[in-house]
There are 2 protein chains.
Amino acid sequence: MTSTRILILGVLLDGPLHGYKVRRRLELWGADSWASVAYGSIYHGLAKMADEGLLEVVEGGRGGKTVYAITDDGRAEFYHRLFRAWMDISPIVDPFQVAMTFMDRMPQAELLRAMQARSEQLRLTISMMERSLGGKQGFGAPRHIDENLKLITGQLRAQLDWLDETIPKVKAGDLP
Amino acid sequence: MTSTRILILGVLLDGPLHGYKVRRRLELWGADSWASVAYGSIYHGLAKMADEGLLEVVEGGRGGKTVYAITDDGRAEFYHRLFRAWMDISPIVDPFQVAMTFMDRMPQAELLRAMQARSEQLRLTISMMERSLGGKQGFGAPRHIDENLKLITGQLRAQLDWLDETIPKVKAGDLP
DNA sequence: ACGCGAGTGCTCAAATTTGACTACAAATTT
DNA sequence: AAATTTGTAGTCAAATTTGAGCACTCGCGT
């Protein structure tokens, strides 16, 4: 997503790092489960932002690791984006929503099977996430990262509730 | 998102259309609020999929409108993607989640203001969405599209609950 | 002292997304 | 009837994302 930039800037706030370390840090924070930043995007983002003066190359270059540091412009950009992200209520884009849109294209029996399977799967995922709460406290990940997990499970639970509410309607033929 | 393809295929399921009509249909379904398909992506997607044999050009070309129809391969692709989307529990990617990650970078007072403002804003958005339930029944949009709205409001409500639960913790200094 | 798997660190081409901008037609204003 | 707005239809360059693959290092078992 476009969260790439803010994530990179945020990671560099604490000190210069090279691409791989940035990725590691994000993984430590569990960012792979609530953002989705591909390897390449990090390197692209670093290079691009260096170009724009938000970062500067501190060390290396030619072949070896390239270490980037955040500049004052970068800090300003970070806070600007952070503020925007807090204010904007952007639609949550979820492939599942898209699937729902086409619920009327599936035979009822198959639809029901899919819904039930998803409901099961959600229960598992949620309890797995809840069990992992506090698990990352060990090394480097700040405590408030858990809040992220909590918010996600809350949202998944909302999806689960919707499913459990809607399955009977489909059974009864009220939907789709 | 990568939902572009499934959305386009899904729209064409009912008959051949040209790019602009596809966009219109998606807007009618309110897709702009739960997916995010930019104009250009539609035209790109159409051309690409035609290239791959999932669609075929039915009419026009050179300058005027180009009408696309779904092929059998396209239908197969659609159902395949639909199935995957029902099964996968992919992380919901939300810029707000990203902002949360950096809650420890904001001065407490500002953080609180932001949280409260967002909470307010969410309440408004939710009640607005709830009022618009059933509003699109009028023309062409299938009834089950409302379910989409319901799921979204559920998820927003989960976010609201999280905020209302977390604000006191921040006030008390337990977080971040 | 050699091979091999795991970890580190990055590159690159291809795919996709973005949204400002063009162009013309129909409807509305003035 | 000219002028302006709104709607229809699409193009294009630039930005970004994706993920397979490359190159190197290090520890470890044989």
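Chain letters run A, B, ... following the sequence lines, proteins first, then strands; residues in each count from 1.
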Between dT16(D) (P) and I8(A) (CD1): distance, integer Å: 10 Å
Rounded interatomic separation in angstrom, taking CD from E27(A) and C1' from dG7(C): 12 Å
From dG10(D), dT17(D), dT18(C), nucleotide with atom closest to A38(B) side chain: dT18(C)
Selected nucleotide, minimal atom distance to Y43(A) side chain, candidates dT11(C), dT17(D), dT11(D): dT11(C)
T4(B) side-chain proximity, nearest of dT17(D), dG10(D), dT17(C): dT17(C)
Given dT17(C), dT16(D), dT8(D), the nucleotide with the shortest approach to the side chain of R24(B): dT8(D)
Comparing H44(B) and Y39(B) on DNA chain C - which has the more 5′ nearest nucleotide: H44(B)
Touch class at under 4.0 angstrom, heavy-atom based, for G19(A) against every strand present: sugar-phosphate
Which residue lies more 5' along DNA chain D, comparing S41(B) with K21(B) via nearest heavy atoms: K21(B)
Sidechain-backbone polar pair: Q159(A) side chain, L151(B) backbone, donor-acceptor under 3.5 Å: no
R131(A) CZ to L149(A) CG distance, which is reported to the nearest 0.5 Å: 12.5 Å
Who pairs with dT5(D) - Watson-Crick or G-U, where each distance is under 3.5 Å: dA26(C)
Length of the CD1-P vector between I42(A) and dT16(D), whole Å: 15 Å
Atom-pair distance (CG on D32(A); C1' on dG19(D)), nearest Å: 15 Å
Residue-phosphate contact under 4.0 Å: S36(B) side-chain N/O, dT17(C) OP1/OP2: no
From dT17(C), dT17(D), dA9(D), nucleotide with atom closest to K65(B) side chain: dA9(D)
Length of the CZ-P vector between R23(A) and dG19(D), whole Å: 13 Å
Residue among Q116(B), Q121(B), R123(B) satisfying side-chain hydrogen bond (donor to acceptor under 3.5 Å, both in side chains) with S119(B): R123(B)
Closest nucleotide among dG10(D), dG19(D), dT16(C) to the K48(B) side chain: dT16(C)
d(CG, L17(B); C1', dA9(D)) in whole Å: 13 Å
D94(B) side chain reached by Q97(B) side chain, heavy atoms, under 4.5 Å: yes
Integer-rounded Å distance: dT16(C) C1' and L46(B) CG: 14 Å
Electrostatic pair R157(A)-E130(A), nearest N-O below 4.0 angstrom: yes
Closest to the Y20(A) side chain, choosing from dA20(C), dA15(C), dT8(C): dT8(C)
side-chain N/O R5(B) vs dT16(C) OP1/OP2, d < 4.0 Å: yes
Ring centers of W29(A), F102(B) separated by less than 6.0 Å: yes
Which nucleotide in dT16(D), dT18(D), dA9(D) has an atom nearest any side-chain atom of H18(B): dA9(D)
